[in-house]
Amino acid sequence: QYALLQTEDEQKGQDVINLLVSARKGFLTELPKHQMLIKHIVSTCQKLIEPKHASIPQLPDLLNAEQVFAIETALNHRFSIITGGPGTGKTFTAATLIKAHGGSVLIAAPTGKAASHLMDKVGAPGGTLHALLGVFSVQDLDSVQKMLKADLIVVDEASMIDPWMFAHLLKAIPDTS
């Protein structure tokens with residue numbers, strides 16, 4: 001299943017890719033059919049996991065050690081995943097990350113409810129992935145070329161994103177984000 005992840009260059013992103021596709025194992029059983037899509041996701045994630053060494057501002061004392069680690073990791077890398085069960089402080093962590101970042105922010109989610117929930121909680125603009133990327137039908141997936149314009153892009157409910165939309169999301173993240 002993971003034949004694409006065997007070269008030395010691709011090995012660097014293997015942990016990230018394994019995490020991203022773990023919920024999509026059925027999708028990977030048809031690897032030859034989706035080889036180009038997976039190669040695109042792998043190569044894009046490899047670019048996104050490079051460290052960027054940002055300065056870390058003073059964070060609030062209300063954060064626990066895991067939240068501090070999540071924020072520091074997100075500020076120091078172009079791509080970061082924050083996980084946790086209900087009530088563990090993911091939204092509070094995202095709001096603190098946004099304040100600590102200090103640049104322009106865009107909130108995205110696969111559903112309108114998830115997008116509006118996070119937008120309301122953190123006070124940042126955004127919308128559904130479909131609206132932000134200009135995808136309103138399956139045919140639109142072939143021609144998506146919109147770039148997301150923000151220094152920080154926070155995507156909520158990422159486990160709900162299908163592989164095609166995820167590939168387009170990665171393609172739409174500017175090099176400066």
Side-chain angles (χ1 to χ4, degrees), residues 15-28 30 34 37-38 40-42 44-45 48-49 59-60 62-64 66-75 77-174 176-177:
D15 290 341
V16 172
I17 299 308
N18 287 342
L19 178 62
L20 294 175
V21 298
S22 64
R24 305 286 187 192
K25 289 190 190 260
F27 173 77
L28 287 179
E30 298 180 333
H34 303 292
L37 174 65
I38 293 171
H40 171 72
I41 291 173
V42 168
T44 304
C45 285
L48 292 175
I49 62 173
L59 297 173
L62 297 170
L63 298 170
N64 64 36
E66 290 86 5
Q67 291 169 315
V68 170
F69 178 76
I71 292 168
E72 289 175 348
T73 301
L75 291 173
H77 294 84
R78 293 190 60 225
F79 185 82
S80 181
I81 298 173
I82 298 173
T83 64
T88 57
K90 295 180 301 292
T91 301
F92 181 72
T93 303
T96 306
L97 168 64
I98 289 167
K99 288 176 190 160
H101 182 268
S104 63
V105 176
L106 184 65
I107 302 298
T111 67
K113 185 175 182 176
S116 13
H117 169 76
L118 193 56
M119 288 166 33
D120 291 345
K121 292 289 184 179
V122 302
T128 66
L129 284 170
H130 296 81
L132 295 170
L133 297 174
V135 176
F136 301 103
S137 71
V138 175
Q139 293 79 17
D140 292 339
L141 282 172
D142 294 330
S143 61
V144 172
Q145 294 187 7
K146 269 189 161 181
M147 293 298 285
L148 300 176
K149 294 179 173 93
D151 298 324
L152 176 66
I153 300 165
V154 178
V155 181
D156 197 12
E157 299 292 349
S159 65
M160 295 172 58
I161 304 170
D162 68 55
W164 294 104
M165 183 61 74
F166 189 75
H168 287 293
L169 168 63
L170 293 177
K171 200 186 303 187
I173 297 173
T176 57
S177 292

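Of all non-hydrogen atoms in Pro174 and Ala150, the two that sit nearest each other are CG-O, 4.4 Å. Between Ala70 and Ser80, the closest heavy-atom pair is O-OG, 4.4 Å.
The CD atom of Glu66 sits 10.5 Å away from atom OG1 of Thr83, with the distance rounded to the nearest 0.5 Å. Taking NZ of Lys149 as the start and CG of Leu132 as the end, the distance is 11.0 Å to the nearest 0.5 Å. Distance CD/Glu72 to CG/Leu63: 9.5 Å, rounded to 0.5 Å.
Two residues are said to be in side-chain contact when any heavy atoms from C-beta on lie closer than 4.5 Å; Ile153 and Ile107 fail this criterion. Side-chain contact between Leu170 and Phe79 is present, with at least one heavy-atom pair separated by less than 4.5 Å. At least one side-chain heavy atom of Met165 sits less than 4.5 Å from a side-chain heavy atom of Val135. Between Thr111 and Met160 there is a side-chain heavy-atom pair separated by less than 4.5 Å. Looking at Leu106 and Leu152, their side chains never come closer than 4.5 Å, going by heavy atoms from C-beta outward.
Judged purely by atom type and a 3.5 angstrom limit, His101 uses its side chain to pair as donor or acceptor with the backbone of Gly103.
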Decide yes or no on side chain to side chain contact (heavy atoms under 4.5 Å, CB included) for Leu133 and Leu148, but give the supporting numbers first.
CA-CA 7 Å; Leu133 297 174; Leu148 300 176; 4.0 Å; yes
Which atom pairs, one a donor and one an acceptor, fall under 3.5 Å between side chains of residues 85-94 and the rest of the protein, sequence neighbours left out?
{"unit_1": "Thr88", "atom_1": "OG1", "unit_2": "Gly85", "atom_2": "O", "d": "2.7"}
{"unit_1": "Lys90", "atom_1": "NZ", "unit_2": "Gly84", "atom_2": "O", "d": "2.9"}
{"unit_1": "Lys90", "atom_1": "NZ", "unit_2": "Gly85", "atom_2": "O", "d": "2.9"}
{"unit_1": "Thr93", "atom_1": "OG1", "unit_2": "Gln67", "atom_2": "NE2", "d": "3.2"}
{"unit_1": "Thr93", "atom_1": "OG1", "unit_2": "Gly89", "atom_2": "O", "d": "2.6"}

Distance-only check: which donor-acceptor pairs under 3.5 Å involve side-chain atoms of residues 114-131, not counting sequence neighbours?
{"unit_1": "Ser116", "atom_1": "OG", "unit_2": "Gly112", "atom_2": "O", "d": "2.6"}
{"unit_1": "Thr128", "atom_1": "OG1", "unit_2": "Ala131", "atom_2": "N", "d": "3.1"}

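Listed by chain and residue number, Asp151 satisfy the side-chain hydrogen bond (donor to acceptor under 3.5 Å, both in side chains) test with Ser104 (two or more places apart in sequence, or in another chain).
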